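Report on one structure; see the data block that follows.
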2 protein chains.
Amino acid sequence: MLKITRKVEYALIALRHLQQNKQAKLCSAKTLSLKYDIPQELLAKILQKLSKENIILSVKGPKGGYKISKDPNTINMTKFFEIMEGPMGIVDCYFDSNCEQLSGCTIREPINRINNSIRTMFDKMTLADITFK
Amino acid sequence: MLKITRKVEYALIALRHLQQNKQAKLCSAKTLSLKYDIPQELLAKILQKLSKENIILSVKGPKGGYKISKDPNTINMTKFFEIMEGPMGIVDCYFDSNCEQLSGCTIREPINRINNSIRTMFDKMTLADITFK
DNA sequence: GCTATATACGACTAATATTATCGTATAATA
DNA sequence: TATTATACGATAATATTAGTCGTATATAGC
Ligand code: SF4
Ligand code: SF4
(Lines give C-alpha, C1' and ligand atoms only; values in the text may rest on other atoms or scores of the structure.)
(Ligands and ions follow the chains in the order given, each with its own letter.)
Protein backbone atom coordinates (compact mmCIF):
# COMPACT_ATOMS: atom_id res chain seq x y z
CA MET A 1 0.00 0.00 0.00
CA LEU A 2 1.12 3.57 -0.81
CA LYS A 3 4.07 2.27 -2.79
CA ILE A 4 5.87 3.89 -5.65
CA THR A 5 6.68 1.56 -8.53
CA ARG A 6 9.93 -0.05 -9.46
CA LYS A 7 9.75 1.82 -12.75
CA VAL A 8 9.90 5.11 -10.87
CA GLU A 9 12.78 3.91 -8.70
CA TYR A 10 14.77 2.81 -11.74
CA ALA A 11 14.10 6.16 -13.39
CA LEU A 12 15.34 8.00 -10.31
CA ILE A 13 18.49 5.90 -10.04
CA ALA A 14 19.26 6.49 -13.71
CA LEU A 15 18.53 10.21 -13.48
CA ARG A 16 20.71 10.57 -10.42
CA HIS A 17 23.57 8.94 -12.27
CA LEU A 18 23.10 11.10 -15.36
CA GLN A 19 22.80 14.20 -13.24
CA GLN A 20 25.96 13.53 -11.28
CA ASN A 21 27.89 12.69 -14.46
CA LYS A 22 26.47 15.39 -16.66
CA GLN A 23 29.89 16.61 -17.69
CA ALA A 24 30.47 13.19 -19.28
CA LYS A 25 29.49 12.59 -22.88
CA LEU A 26 26.73 10.03 -22.92
CA CYS A 27 25.67 7.01 -20.90
CA SER A 28 23.96 3.99 -22.46
CA ALA A 29 21.08 1.91 -21.08
CA LYS A 30 23.42 -1.07 -20.97
CA THR A 31 26.01 0.73 -18.85
CA LEU A 32 23.39 1.84 -16.37
CA SER A 33 21.71 -1.57 -16.28
CA LEU A 34 25.01 -3.27 -15.47
CA LYS A 35 26.09 -0.68 -12.92
CA TYR A 36 22.84 -0.71 -10.96
CA ASP A 37 21.67 -4.27 -11.70
CA ILE A 38 18.49 -3.19 -13.45
CA PRO A 39 16.92 -5.30 -16.25
CA GLN A 40 18.25 -3.71 -19.42
CA GLU A 41 15.15 -3.81 -21.60
CA LEU A 42 13.02 -2.40 -18.84
CA LEU A 43 15.45 0.40 -18.12
CA ALA A 44 15.67 1.13 -21.85
CA LYS A 45 11.93 1.72 -22.04
CA ILE A 46 12.05 3.97 -19.01
CA LEU A 47 14.84 6.03 -20.54
CA GLN A 48 12.87 6.25 -23.77
CA LYS A 49 9.95 7.72 -21.89
CA LEU A 50 12.18 10.24 -20.12
CA SER A 51 13.63 11.15 -23.50
CA LYS A 52 10.21 11.58 -25.04
CA GLU A 53 9.38 13.97 -22.22
CA ASN A 54 12.62 15.87 -22.89
CA ILE A 55 13.95 15.23 -19.41
CA ILE A 56 16.92 13.52 -20.99
CA LEU A 57 18.37 13.65 -24.48
CA SER A 58 19.04 10.52 -26.51
CA VAL A 59 21.60 9.78 -29.20
CA LYS A 60 21.35 6.68 -31.37
CA GLY A 61 24.06 4.45 -32.72
CA PRO A 62 27.40 3.24 -31.36
CA LYS A 63 28.78 5.64 -28.75
CA GLY A 64 25.19 6.76 -28.33
CA GLY A 65 23.23 6.92 -25.07
CA TYR A 66 21.59 9.48 -22.84
CA LYS A 67 22.36 12.66 -20.99
CA ILE A 68 20.44 15.11 -18.84
CA SER A 69 18.71 17.81 -20.84
CA LYS A 70 16.55 19.60 -18.30
CA ASP A 71 17.43 21.13 -14.94
CA PRO A 72 16.00 18.74 -12.33
CA ASN A 73 15.13 21.74 -10.16
CA THR A 74 12.45 22.65 -12.67
CA ILE A 75 10.51 19.37 -12.49
CA ASN A 76 8.36 18.83 -9.43
CA MET A 77 7.72 15.32 -8.14
CA THR A 78 3.96 15.33 -8.74
CA LYS A 79 4.62 16.04 -12.39
CA PHE A 80 7.38 13.47 -12.54
CA PHE A 81 5.24 10.74 -10.99
CA GLU A 82 2.41 11.52 -13.38
CA ILE A 83 4.75 11.44 -16.36
CA MET A 84 5.91 7.99 -15.30
CA GLU A 85 2.69 6.43 -14.01
CA GLY A 86 -0.28 8.54 -14.99
CA PRO A 87 -2.72 10.31 -12.67
CA MET A 88 -1.71 10.19 -9.01
CA GLY A 89 -4.29 9.74 -6.25
CA ILE A 90 -4.58 7.52 -3.20
CA VAL A 91 -8.03 6.45 -4.47
CA ASP A 92 -9.33 6.06 -8.01
CA CYS A 93 -12.18 8.55 -7.77
CA TYR A 94 -9.65 11.38 -7.72
CA PHE A 95 -9.37 11.00 -11.50
CA ASP A 96 -11.84 8.26 -12.48
CA SER A 97 -15.51 7.86 -11.61
CA ASN A 98 -16.10 4.13 -12.02
CA CYS A 99 -16.32 3.41 -8.30
CA GLU A 100 -19.40 1.41 -7.20
CA GLN A 101 -19.52 3.28 -3.91
CA LEU A 102 -19.16 6.74 -5.40
CA SER A 103 -22.80 7.82 -5.21
CA GLY A 104 -23.23 7.10 -1.51
CA CYS A 105 -19.60 7.48 -0.45
CA THR A 106 -19.16 9.06 2.96
CA ILE A 107 -15.38 9.23 3.02
CA ARG A 108 -14.66 10.83 -0.32
CA GLU A 109 -14.29 14.34 1.06
CA PRO A 110 -11.90 13.52 3.90
CA ILE A 111 -9.95 11.21 1.60
CA ASN A 112 -9.61 13.97 -0.93
CA ARG A 113 -8.20 16.26 1.72
CA ILE A 114 -5.47 13.69 2.34
CA ASN A 115 -4.93 13.40 -1.39
CA ASN A 116 -4.41 17.11 -1.70
CA SER A 117 -1.96 17.12 1.19
CA ILE A 118 0.13 14.47 -0.51
CA ARG A 119 0.00 16.24 -3.85
CA THR A 120 0.98 19.52 -2.21
CA MET A 121 3.90 17.82 -0.54
CA PHE A 122 5.15 16.45 -3.86
CA ASP A 123 4.45 19.72 -5.64
CA LYS A 124 6.94 21.39 -3.33
CA MET A 125 9.60 18.82 -4.03
CA THR A 126 11.69 18.62 -7.22
CA LEU A 127 13.64 15.91 -8.99
CA ALA A 128 16.81 17.56 -7.72
CA ASP A 129 15.79 16.72 -4.15
CA ILE A 130 16.40 13.11 -5.10
CA THR A 131 19.07 13.30 -7.77
CA PHE A 132 21.31 15.72 -5.88
CA LYS A 133 20.87 15.66 -2.15
CA MET B 1 0.83 4.01 -7.63
CA LEU B 2 0.64 5.47 -4.10
CA LYS B 3 -2.82 3.97 -3.63
CA ILE B 4 -4.51 2.95 -0.44
CA THR B 5 -6.32 -0.38 -0.65
CA ARG B 6 -10.01 -1.08 -0.96
CA LYS B 7 -9.79 -2.91 2.35
CA VAL B 8 -8.76 0.33 4.04
CA GLU B 9 -11.51 2.28 2.29
CA TYR B 10 -14.14 -0.24 3.36
CA ALA B 11 -12.83 -0.10 6.91
CA LEU B 12 -13.07 3.69 6.92
CA ILE B 13 -16.60 3.70 5.52
CA ALA B 14 -17.69 1.18 8.13
CA LEU B 15 -15.97 3.04 10.95
CA ARG B 16 -17.49 6.31 9.91
CA HIS B 17 -20.92 4.74 10.02
CA LEU B 18 -20.33 3.15 13.41
CA GLN B 19 -18.88 6.38 14.75
CA GLN B 20 -21.77 8.49 13.60
CA ASN B 21 -24.29 5.98 14.95
CA LYS B 22 -22.53 5.14 18.15
CA GLN B 23 -25.61 5.82 20.27
CA ALA B 24 -27.30 2.93 18.40
CA LYS B 25 -27.04 -0.60 19.76
CA LEU B 26 -25.13 -2.67 17.23
CA CYS B 27 -24.67 -2.82 13.50
CA SER B 28 -24.07 -6.06 11.60
CA ALA B 29 -21.71 -6.71 8.71
CA LYS B 30 -24.73 -7.49 6.57
CA THR B 31 -26.41 -4.16 7.27
CA LEU B 32 -23.25 -2.26 6.41
CA SER B 33 -22.58 -4.33 3.32
CA LEU B 34 -26.06 -3.63 1.98
CA LYS B 35 -26.02 0.05 2.86
CA TYR B 36 -22.65 0.77 1.26
CA ASP B 37 -22.61 -1.93 -1.42
CA ILE B 38 -19.54 -3.68 -0.05
CA PRO B 39 -19.03 -7.45 -0.49
CA GLN B 40 -20.32 -8.92 2.76
CA GLU B 41 -17.70 -11.60 3.44
CA LEU B 42 -14.91 -9.17 2.74
CA LEU B 43 -16.36 -6.53 5.00
CA ALA B 44 -16.90 -9.17 7.68
CA LYS B 45 -13.21 -10.03 7.71
CA ILE B 46 -12.29 -6.37 7.90
CA LEU B 47 -14.59 -5.86 10.87
CA GLN B 48 -13.12 -8.93 12.52
CA LYS B 49 -9.67 -7.42 12.24
CA LEU B 50 -10.86 -4.11 13.67
CA SER B 51 -12.48 -6.05 16.49
CA LYS B 52 -9.31 -8.02 17.19
CA GLU B 53 -7.48 -4.71 17.49
CA ASN B 54 -10.13 -3.43 19.89
CA ILE B 55 -11.08 -0.56 17.65
CA ILE B 56 -14.60 -1.90 17.56
CA LEU B 57 -16.44 -4.35 19.78
CA SER B 58 -18.19 -7.42 18.44
CA VAL B 59 -21.21 -9.33 19.68
CA LYS B 60 -22.12 -12.75 18.29
CA GLY B 61 -25.50 -14.26 17.62
CA PRO B 62 -28.82 -12.87 16.40
CA LYS B 63 -29.09 -9.16 17.19
CA GLY B 64 -25.31 -9.20 17.29
CA GLY B 65 -22.97 -6.93 15.36
CA TYR B 66 -20.39 -4.25 15.97
CA LYS B 67 -20.00 -0.92 17.67
CA ILE B 68 -17.20 1.58 18.22
CA SER B 69 -15.11 0.83 21.28
CA LYS B 70 -12.22 3.27 21.03
CA ASP B 71 -12.18 7.03 20.57
CA PRO B 72 -11.07 7.59 16.95
CA ASN B 73 -9.13 10.65 18.11
CA THR B 74 -6.71 8.33 19.82
CA ILE B 75 -5.72 6.32 16.73
CA ASN B 76 -3.36 7.98 14.28
CA MET B 77 -3.53 7.10 10.61
CA THR B 78 -0.04 5.61 10.37
CA LYS B 79 -1.01 3.15 13.06
CA PHE B 80 -4.36 2.47 11.45
CA PHE B 81 -2.84 1.80 8.03
CA GLU B 82 -0.29 -0.53 9.56
CA ILE B 83 -2.96 -2.40 11.48
CA MET B 84 -4.85 -2.96 8.25
CA GLU B 85 -2.04 -3.53 5.77
CA GLY B 86 1.23 -4.08 7.61
CA PRO B 87 4.36 -1.94 7.42
CA MET B 88 3.91 1.26 5.44
CA GLY B 89 6.63 2.62 3.18
CA ILE B 90 6.77 3.93 -0.37
CA VAL B 91 9.56 1.41 -1.05
CA ASP B 92 10.15 -2.05 0.40
CA CYS B 93 13.58 -1.39 1.88
CA TYR B 94 11.96 0.76 4.55
CA PHE B 95 11.00 -2.47 6.37
CA ASP B 96 12.46 -5.31 4.30
CA SER B 97 15.98 -5.81 2.93
CA ASN B 98 15.46 -8.18 0.01
CA CYS B 99 16.06 -5.53 -2.64
CA GLU B 100 18.61 -6.46 -5.32
CA GLN B 101 19.72 -2.86 -5.62
CA LEU B 102 20.10 -2.22 -1.90
CA SER B 103 23.88 -2.50 -1.63
CA GLY B 104 24.64 0.05 -4.32
CA CYS B 105 21.44 2.08 -4.09
CA THR B 106 21.98 5.79 -4.59
CA ILE B 107 18.43 6.95 -3.94
CA ARG B 108 17.67 5.22 -0.67
CA GLU B 109 18.47 8.19 1.51
CA PRO B 110 16.41 10.77 -0.39
CA ILE B 111 13.59 8.24 -0.75
CA ASN B 112 13.61 7.65 2.97
CA ARG B 113 13.28 11.37 3.59
CA ILE B 114 10.09 11.32 1.53
CA ASN B 115 8.95 8.26 3.42
CA ASN B 116 9.43 10.01 6.71
CA SER B 117 7.53 13.05 5.50
CA ILE B 118 4.55 10.90 4.57
CA ARG B 119 4.67 9.01 7.85
CA THR B 120 4.88 12.27 9.78
CA MET B 121 1.88 13.58 7.89
CA PHE B 122 -0.16 10.49 8.78
CA ASP B 123 1.14 10.49 12.35
CA LYS B 124 -0.45 13.90 12.82
CA MET B 125 -3.79 12.73 11.48
CA THR B 126 -6.28 10.59 13.39
CA LEU B 127 -9.11 8.28 12.43
CA ALA B 128 -11.50 11.00 13.57
CA ASP B 129 -10.24 13.24 10.77
CA ILE B 130 -11.94 10.82 8.42
CA THR B 131 -14.82 9.43 10.44
CA PHE B 132 -16.01 12.81 11.72
CA LYS B 133 -15.04 15.72 9.56
C1' DG C 1 28.62 -0.67 -48.31
C1' DC C 2 28.81 -3.63 -44.25
C1' DT C 3 28.87 -4.67 -39.41
C1' DA C 4 28.29 -3.71 -34.79
C1' DT C 5 26.05 -1.02 -31.35
C1' DA C 6 22.54 1.62 -29.54
C1' DT C 7 17.85 3.76 -29.28
C1' DA C 8 12.47 3.25 -30.39
C1' DC C 9 8.44 0.93 -29.76
C1' DG C 10 4.69 -2.30 -29.60
C1' DA C 11 3.25 -6.93 -28.19
C1' DC C 12 3.61 -10.36 -25.10
C1' DT C 13 4.48 -13.11 -20.78
C1' DA C 14 5.42 -13.76 -15.93
C1' DA C 15 5.14 -12.62 -11.28
C1' DT C 16 2.91 -10.46 -7.59
C1' DA C 17 -0.60 -8.10 -5.02
C1' DT C 18 -5.22 -7.10 -4.39
C1' DT C 19 -9.96 -8.25 -4.18
C1' DA C 20 -13.50 -11.39 -3.46
C1' DT C 21 -15.59 -15.95 -2.27
C1' DC C 22 -16.24 -20.39 0.14
C1' DG C 23 -16.56 -23.73 3.82
C1' DT C 24 -16.79 -24.67 8.39
C1' DA C 25 -16.84 -23.64 13.30
C1' DT C 26 -18.67 -21.18 17.25
C1' DA C 27 -21.79 -18.34 19.91
C1' DA C 28 -26.23 -16.62 21.30
C1' DT C 29 -31.16 -15.56 20.77
C1' DA C 30 -35.82 -16.86 20.77
C1' DT D 1 -33.25 -26.58 17.90
C1' DA D 2 -33.59 -23.41 14.10
C1' DT D 3 -31.84 -19.02 12.89
C1' DT D 4 -28.69 -15.33 12.77
C1' DA D 5 -24.38 -13.51 13.34
C1' DT D 6 -19.25 -13.45 14.20
C1' DA D 7 -14.46 -16.05 13.53
C1' DC D 8 -11.16 -17.72 10.59
C1' DG D 9 -8.48 -20.27 7.30
C1' DA D 10 -8.28 -21.68 2.43
C1' DT D 11 -9.04 -20.76 -2.14
C1' DA D 12 -10.21 -18.38 -6.49
C1' DA D 13 -10.57 -14.38 -9.52
C1' DT D 14 -8.81 -10.12 -11.04
C1' DA D 15 -5.74 -6.26 -11.63
C1' DT D 16 -1.38 -4.32 -11.49
C1' DT D 17 3.38 -4.41 -11.89
C1' DA D 18 7.56 -6.24 -13.64
C1' DG D 19 10.10 -8.10 -17.10
C1' DT D 20 10.94 -10.07 -21.98
C1' DC D 21 10.93 -10.39 -27.01
C1' DG D 22 10.90 -9.12 -31.84
C1' DT D 23 11.60 -5.84 -35.10
C1' DA D 24 12.73 -1.32 -36.93
C1' DT D 25 15.79 2.61 -37.28
C1' DA D 26 19.91 5.39 -36.80
C1' DT D 27 24.92 6.03 -36.86
C1' DA D 28 29.82 5.24 -35.99
C1' DG D 29 33.80 2.99 -37.65
C1' DC D 30 35.96 0.10 -40.86
S1 SF4 E 1 -13.34 7.43 -1.70
FE2 SF4 E 1 -15.39 6.56 -1.97
S3 SF4 E 1 -15.93 7.08 -4.07
FE4 SF4 E 1 -13.73 7.39 -3.89
S5 SF4 E 1 -12.86 5.43 -4.59
FE6 SF4 E 1 -13.03 5.30 -2.35
S7 SF4 E 1 -15.04 4.34 -2.03
FE8 SF4 E 1 -15.00 5.04 -4.16
S1 SF4 F 1 15.24 2.72 -2.52
FE2 SF4 F 1 16.91 1.51 -3.39
S3 SF4 F 1 17.29 -0.12 -1.87
FE4 SF4 F 1 15.29 0.79 -1.41
S5 SF4 F 1 13.82 -0.53 -2.49
FE6 SF4 F 1 14.30 1.20 -3.86
S7 SF4 F 1 15.99 0.43 -5.12
FE8 SF4 F 1 15.83 -0.97 -3.37
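Residue numbers start from 1 in every chain, and the chains themselves are labelled A, B, ... in the order their sequence lines are given, proteins ahead of strands. Just so it is clear, the model here is predicted, and its values are computed rather than measured.
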Count the heavy atoms of every other residue, nucleotide or ligand shown that sit under 6.0 Å from [atom1] of [X], and state whether that count exceeds 12.
| X | atom1 | value |
| --- | --- | --- |
| A/Lys79 | NZ | no |
| B/Lys35 | NZ | no |
| B/Lys67 | NZ | no |

Scanning both residues in full, the closest heavy-atom pair of B/Gly64 with B/Ser28 reads O-CB, 4.2 Å
At a 4.0 Å cut-off to heavy atoms of chain A, the contacted part of DNA chain C spans C/dA4 to C/dT18
[X] [atom1] - [N] [atom2] separation (whole Å):
| X | N | atom1 | atom2 | value |
| --- | --- | --- | --- | --- |
| A/Lys7 | D/dT20 | NZ | C1' | 15 Å |
| A/Lys60 | D/dG29 | NZ | P | 18 Å |
| B/Glu100 | D/dA18 | CD | P | 14 Å |
| B/Leu47 | D/dC8 | CG | C1' | 14 Å |
| A/Gln48 | D/dG22 | CD | P | 17 Å |
| B/Lys67 | D/dA5 | NZ | P | 18 Å |
| B/Ile46 | D/dG9 | CD1 | C1' | 16 Å |
| B/Leu2 | D/dT16 | CG | C1' | 14 Å |

Judged by nearest nucleotide, the residue sitting upstream toward the 5' end of DNA chain C, B/Ile4 or A/Lys52, is A/Lys52
Taking for A/Gly64 and for A/Met1 the nucleotide of DNA chain C with the nearest heavy atom, the one nearer the 5' end belongs to A/Gly64
**Message:** Do B/Asp123 and B/Thr78 pair up side chain to side chain, a donor and an acceptor below 3.5 Å, judged on atom types alone?
**Reply:** yes
**Message:** Within the 4.0 Å heavy-atom criterion, would you say A/Lys45 contacts the bases, only the backbone, or no part of the nucleic acid?
**Reply:** base
*Report which part of the nucleic acid A/Ala44 touches: base, sugar-phosphate, or nothing (heavy-atom distance under 4.0 Å, all strands).*
nothing
In DNA chain C, consecutive runs of at least three Watson-Crick or G-U pairs below 3.5 Å, as range with range, amount to C:1-30 with D:1-30
Taking the side chain as C-beta and beyond, is there a heavy-atom pair between B/Asn76 and B/Phe80 under 4.5 Å?
-> no
Next item on the list: State, with a plain yes or no, whether a side-chain heavy atom of B/Ile46 is found less than 4.5 Å away from one of B/Met84.
Entry: yes
Does a side-chain N or O of A/Tyr10 approach OP1 or OP2 of D/dA18 to a distance below 4.0 Å, or not? no
Judged by nearest nucleotide, the residue sitting upstream toward the 5' end of DNA chain D, A/Glu41 or B/Ser28, is B/Ser28
Checking the side chain of B/Arg113 only, and the main-chain atoms of A/Asp129 only, is there a donor and an acceptor separated by less than 3.5 Å?
yes
Residue pairs passing the side-chain hydrogen bond (donor to acceptor under 3.5 Å, both in side chains) test with at least one member in residues 82-100 of chain A, sequence neighbours excluded, are A/Thr5-A/Glu85, A/Glu82-A/Arg119, A/Tyr94-A/Asn116
